[in-house]
Each structure stands twice: as structure tokens, then as C-alpha cells.
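Heads up: the structure comes next, in C-alpha cells.
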Amino acid sequence: MTKAVLGIIGGSGLYDLPGLEEAEWRDVASPWGTPSDQLRFGRIGETQIVFLPRHGRGHRLSPSGIDYRANIDALKRAGVTDLISVSAVGSLKQELFPGDFIIVDQFIDKTVARVSSFFGNGCVAHVSLAHPVAPKLVERIRMAAVAEAIDHHVGGTYVCMEGPQFSSAAESHLHRSWGADVIGMTNMPEAKLAREAEISYATIAMVTDYDGWHPNHDAVTVDQVIAVLNDNRDKAQRLVARLARDFPAEHEPCPIGSDRALDHAIMTAPAARDPILLAKLDAIAGRVL
Ligand SMILES: CSC[C@H]1O[C@H](OP(=O)(O)O)[C@H](O)[C@@H]1O
Ligand SMILES: Nc1ncnc2[nH]cnc12
């Protein structure tokens, strides 16, 4: 049995977690780089929590400037077994209104300027990403939303764009034609790296705008995003607090194996592995190396 530690990555507008007891900011060093900020350790009820503001306190970091590997590695070193991303998104569907919460279950990665793996020459690995989100976490978020009477949608595809500019109207229509539900700039490669780190991952997406496609709504602006985030902060915090309070003490084994993703993933023969890379992989892949 593994003790559950619930990680929360706070996106735009969520730079701390009020209600965290015995809370303390602590540095966690990573051989992969510099995490977005110190990690905030604490507990809600009996659940151990580690919170990280994705853009750093004060929103210093742009989506392309975040060191996603350092963040996931630091969270792994902090013992995180289950990770919830809270993210602002644009809606690509009429019926997903600003203010709605979507429990995303698929991603389309359109990013072009980010390192998206811990592995590489000297230790090659291929994990499955067919199901990037852990179903037990989706169910726990759903139950928390029901308990808090928060409107939500279960399932949805998140397009991750590079940014930082928002989409053109033509791109927005293209993403809609793909059948995608929401768009943001941060969940990739975060979700890929969480899978490589064998951390179960799920996203609570908060719709803030209709991106650039809706004939009756202005194209997205930061002012619009901030206004909706401010209106919904209380709901998001209640949702996370309820999820945390009701979280099991032991990590629940993931039915799709997100917590054992490296069991059959590493291709490189032991004798051909690069010792320098292996040393950096101690937290991420120590279980199988
Ligand atoms: C402030 S709008 C664009 C910004 O908001 C989202 O961030 P996060 O996913 O961290 O909530 C989006 O991905 C962009 O980074
Ligand atoms: N329309 C949008 N596009 C990309 N990221 C977003 N974050 C919030 N709204 C967004």
C-alpha cells in the first residue's frame, strides 16, 4: 500500500490554496531545472497536500517558459501520487459556458517549443498515453462537484496550444472541427510527464471565454479571463477542498495503470544506459531502474 499524497497544480488565478492546514512553502530542488515556485506543503483534513502555482506566485512564467519537467520531478520527490491540474480554458462548444467546470479526459498536443519527456538518448522509454487521465480521479472530482452542487461536465478534449497569443478565428474554427471541447496552453507536456513519472493525473478545466469562434461573444481577452476566474475562485477552491477532504488515505491503484506506466516502457538495454541520465531519473524511474 502506498500513502496517498494529493498534488494540486494551480493555474491562472490560483496561486495559493486557502484552507490548507499546517501550510509551509518549501524549496524542492530538481536535477531537471527550476520548479515554477516553492512547493506549498500542508493538509486538508487527513489528506497530505502539495500545491504548486504553475506560473509561480505573481504569474511570472509564461506557458512556454514553465519548466514542466522540474515541476513534475519536484512533485514526485515530494511524494505526490495523484495530481490535479486546475486550469483556465476557452470553450470550443456552445454548451460549455464561461463559469462551467469540465473534467477533461483527452488532450491534443499542439505545442512546438517544449521538452516533453524525461527520457531520451541513453535511456529510451515509450509510455502509453491512450488514456492520459486517471479514471478514479475523474470520479473523485465528479463526486466532489456533486457534493458541492457545482455544475460540471464529465469528459472532454483539451487542445493544448503553444501560445502565448490566443488563437486566430480560423484556428479556433479548426479546433472545433476536430471535435475538441476546450483550449488552453499548459496541460501538455504536463500530463505526458506525469504519466512518465507514474503519477495519476486529471484536470479540472474552468471555462473563462469562448475563444475566438463565437459569433455572439467577443474574442477572448485577459480581462475577460480574469473576471470569470475571480467570479469562480470560490467554487474552484470549494471543489478542491471537498476533493481533498474526501480523498482516501491510501493511493488507489489506477485501473488503466497510470501509476505503473514504466513497467514495460524502457527500451534501452541495461548495459547501454547512460549513467548521467539514470542519475537524473532517480525519482521519476527509480522504481524500475
Ligand atoms: C490568462 S489566460 C491564458 C493562460 O491561462 C491558462 O493558464 P492555466 O492553464 O495555467 O490556468 C492558459 O493555459 C494560459 O496559460
Ligand atoms: N481561449 C483560450 N485559449 C488558450 N488558453 C486559454 N486560457 C483561457 N482561455 C483560453
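- Taking the side chain as every heavy atom from C-beta outward, L229 and V225 approach each other to under 4.5 Å.
- Taken to the nearest 0.5 Å, the OG atom of S172 stands 5.5 Å off from the CG atom of L92.
- No continuous path of ILVMFWY side-chain contacts below 4.5 Å connects W213 to V228, so the two sit in separate hydrophobic clusters.
- Note on V222 and V220: same hydrophobic cluster, where clusters join Ile, Leu, Val, Met, Phe, Trp and Tyr whose side-chain heavy atoms are under 4.5 Å apart, directly or indirectly.
- When side chains are defined from C-beta on, I9 counts as touching L75, because their heavy atoms get closer than 4.5 Å.
- For the atom pair I102 CD1 and T157 OG1, the distance stands at 11.0 Å (nearest 0.5 Å).
- Interatomic distance, K235 NZ to F101 CZ, rounded to the nearest 0.5 Å: 5.0 Å.
- The two residues P63 and T186 come nearest to each other via the heavy atoms CB-CG2, 4.2 Å.
- Taking NE2 from H55 and CG from L52, the interatomic distance works out to 10.5 Å, rounded to the nearest 0.5 Å.
- A single hydrophobic cluster is not seen to contain both M267 and L289; linkage of ILVMFWY side chains at heavy-atom distances under 4.5 Å, directly or through other members, places them apart.
- With contacts defined as side-chain heavy-atom distances shorter than 4.5 Å, the pair I49/T47 qualifies.
- Once rounded to the nearest 0.5 Å, the distance linking CD1 of I150 with CE of M206 reads 11.0 Å.
- Nearest approach of A4 to Q48, heavy atoms of both residues: O-CB, 4.4 Å.
- Without hydrogens or angle criteria, Q94 side chain to H214 main chain gives no donor-acceptor distance under 3.5 Å.
- You'll find the side chain of D73 reaches within 4.5 Å of the side chain of P31, heavy atoms only.
- Panel note: side chain N71, backbone S36; a donor-acceptor pair is recorded below 3.5 Å.
- Comment: E139 does not engage K136 in a salt bridge, judged by the lack of any side-chain N to carboxylate O separation of less than 4.0 angstrom.
- Counted by atom type alone, S64 and E162 present one or more donor-acceptor pairs between their side chains at under 3.5 Å.
- Judged purely by atom type and a 3.5 angstrom limit, R195 has no side-chain atom pairing as donor or acceptor with the backbone of L129.
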- Task: Please lay out, stage by stage, how E22 and R43 fare under the test salt bridge (charged side-chain N to carboxylate O under 4.0 Å, His left out).
- Result: CA-CA 7 Å; E22 296 163 22; R43 62 175 177 80; 2.9 Å; yes
- Item | Derivation and outcome, side chain to side chain donor-acceptor pair (under 3.5 Å), residues S200 and S258 | CA-CA 6 Å; S200 298; S258 60; 3.0 Å; yes
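- Atom CD1 of I72 is separated from atom CD1 of I284 by 8.0 Å, given to the nearest 0.5 angstrom.
- Side-chain contact between V146 and R142 is present, with at least one heavy-atom pair separated by less than 4.5 Å.
- Y15 and V50 are members of different hydrophobic clusters when ILVMFWY side chains are connected at heavy-atom separations under 4.5 Å.
- Of the possible donor and acceptor atoms, none in the side chain of E148 sits under 3.5 Å from a partner among the backbone N and O of L239.
- With D105 contributing its side chain and G156 its backbone, the two residues share a donor-acceptor pair below 3.5 Å.
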- Check the pair L281, C123 against side-chain contact (heavy atoms from CB on, under 4.5 Å), reporting the backbone distance first and the verdict last. CA-CA 9 Å; L281 284 167; C123 191; 4.0 Å; yes
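- Residue A70 comes nearest to S30 through the heavy atom pair CA-OG, 3.8 Å, listed as atom of the first residue, atom of the second, then distance.
- Within the structure, salt bridge (charged side-chain N to carboxylate O under 4.0 Å, His left out) contacts touching residues 51-68 (residues at least two apart or in different chains) are D37-R57, R54-E190.
- The two atoms that bring A191 and F107 nearest to each other are CB-CE1, 3.8 Å, heavy atoms only.
- Judged by distance alone, with hydrogens and angles left aside, the side-chain atoms of K76 form a donor-acceptor pair with the main-chain N or O of A197 at under 3.5 Å.
- With Y201 contributing its side chain and I199 its backbone, the two residues share no donor-acceptor pair below 3.5 Å.
- D82 places a side-chain heavy atom less than 4.5 Å from the side chain of L137.
- We find that E252 and R140 are joined by a salt bridge, their nearest charged nitrogen and carboxylate oxygen being less than 4.0 Å apart.
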- Go through the steps for D100 and K93 under the test salt bridge (charged side-chain N to carboxylate O under 4.0 Å, His left out), then give the verdict. CA-CA 12 Å; D100 281 5; K93 296 250 168 92; over 6 Å; no
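- Using modelled atom types and a 3.5 Å distance limit, the side chains of D209 and H217 yield no donor-acceptor pair.
- Figure legend: cation-pi geometry between R26 and F41, with NZ or CZ positioned under 6.0 Å from the six-membered ring centre and within 45° of its axis.
- Side chain of Q237 to backbone of D234: no donor-acceptor contact under 3.5 angstrom is found.
- Linking Ile, Leu, Val, Met, Phe, Trp and Tyr residues whenever their side-chain heavy atoms come within less than 4.5 Å leaves I256 and V104 in two separate clusters.
- Annotation: H152, atom NE2; neighbour count of heavy atoms from other residues, nucleotides and ligands within 6.0 Å is above 12.
- A donor-acceptor contact closer than 3.5 angstrom is absent between the side chains of T208 and Q224.
- For the residue pair E95 / H153, no side-chain donor-acceptor distance below 3.5 Å is found, with atom types taken as modelled.
- Side-chain contact of D109 with T111: a donor-acceptor pair under 3.5 Å is present, judged by distance alone.
- With no hydrogens or angles considered, no side-chain donor-acceptor pair links T203 and S87 at under 3.5 Å.
- Applying the 6.0 Å contact sphere to CG of D151 captures no more than 12 heavy atoms from other residues, nucleotides or ligands.
- In this structure, W32 contributes its side chain and K280 its backbone to a donor-acceptor pair below 3.5 Å.
- Atom CG of L174 sits in a crowded spot, with more than 12 heavy atoms from other residues, nucleotides or ligands closer than 6.0 Å.
- Counting heavy atoms of neighbouring residues, nucleotides and ligands inside a 6.0 Å radius, atom NE2 of H173 exceeds 12 of them.
- Salt bridge present: R287 and E198 bring a charged side-chain N and a carboxylate O closer than 4.0 Å.
- Under a 3.5 Å cut-off, the side chain of D16 and the backbone N or O of P18 do not form any donor-acceptor pair.
- Of the N and O atoms on the side chains of R114 and Y68, at least one donor lies less than 3.5 Å from an acceptor on the other residue.
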- Task: Verify side-chain contact (heavy atoms from CB on, under 4.5 Å) between V89 and I183, making sure each step is shown before the conclusion.
- Result: CA-CA 5 Å; V89 294; I183 183 155; 6.0 Å; no
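- In plain terms, the two heavy atoms of P35 and V28 that are nearest each other are CG-O, 3.5 Å.
- A salt bridge does not link R245 with E46: none of the charged nitrogens is closer than 4.0 Å to a carboxylate oxygen.
- Considering all non-hydrogen atoms of both residues, C254 and R260 come closest at O-NH2, 3.4 Å.
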- Message: Apply side chain to side chain donor-acceptor pair (under 3.5 Å) to residues E250 and T2 and explain how you reach the verdict.
- Response: CA-CA 6 Å; E250 303 289 340; T2 310; over 6 Å; no
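- The shortest side-chain heavy-atom distance between V115 and R69 falls under the 4.5 Å cut-off.
- The side-chain heavy atoms of F119 and V124, taken from C-beta on, include no pair separated by under 4.5 Å.
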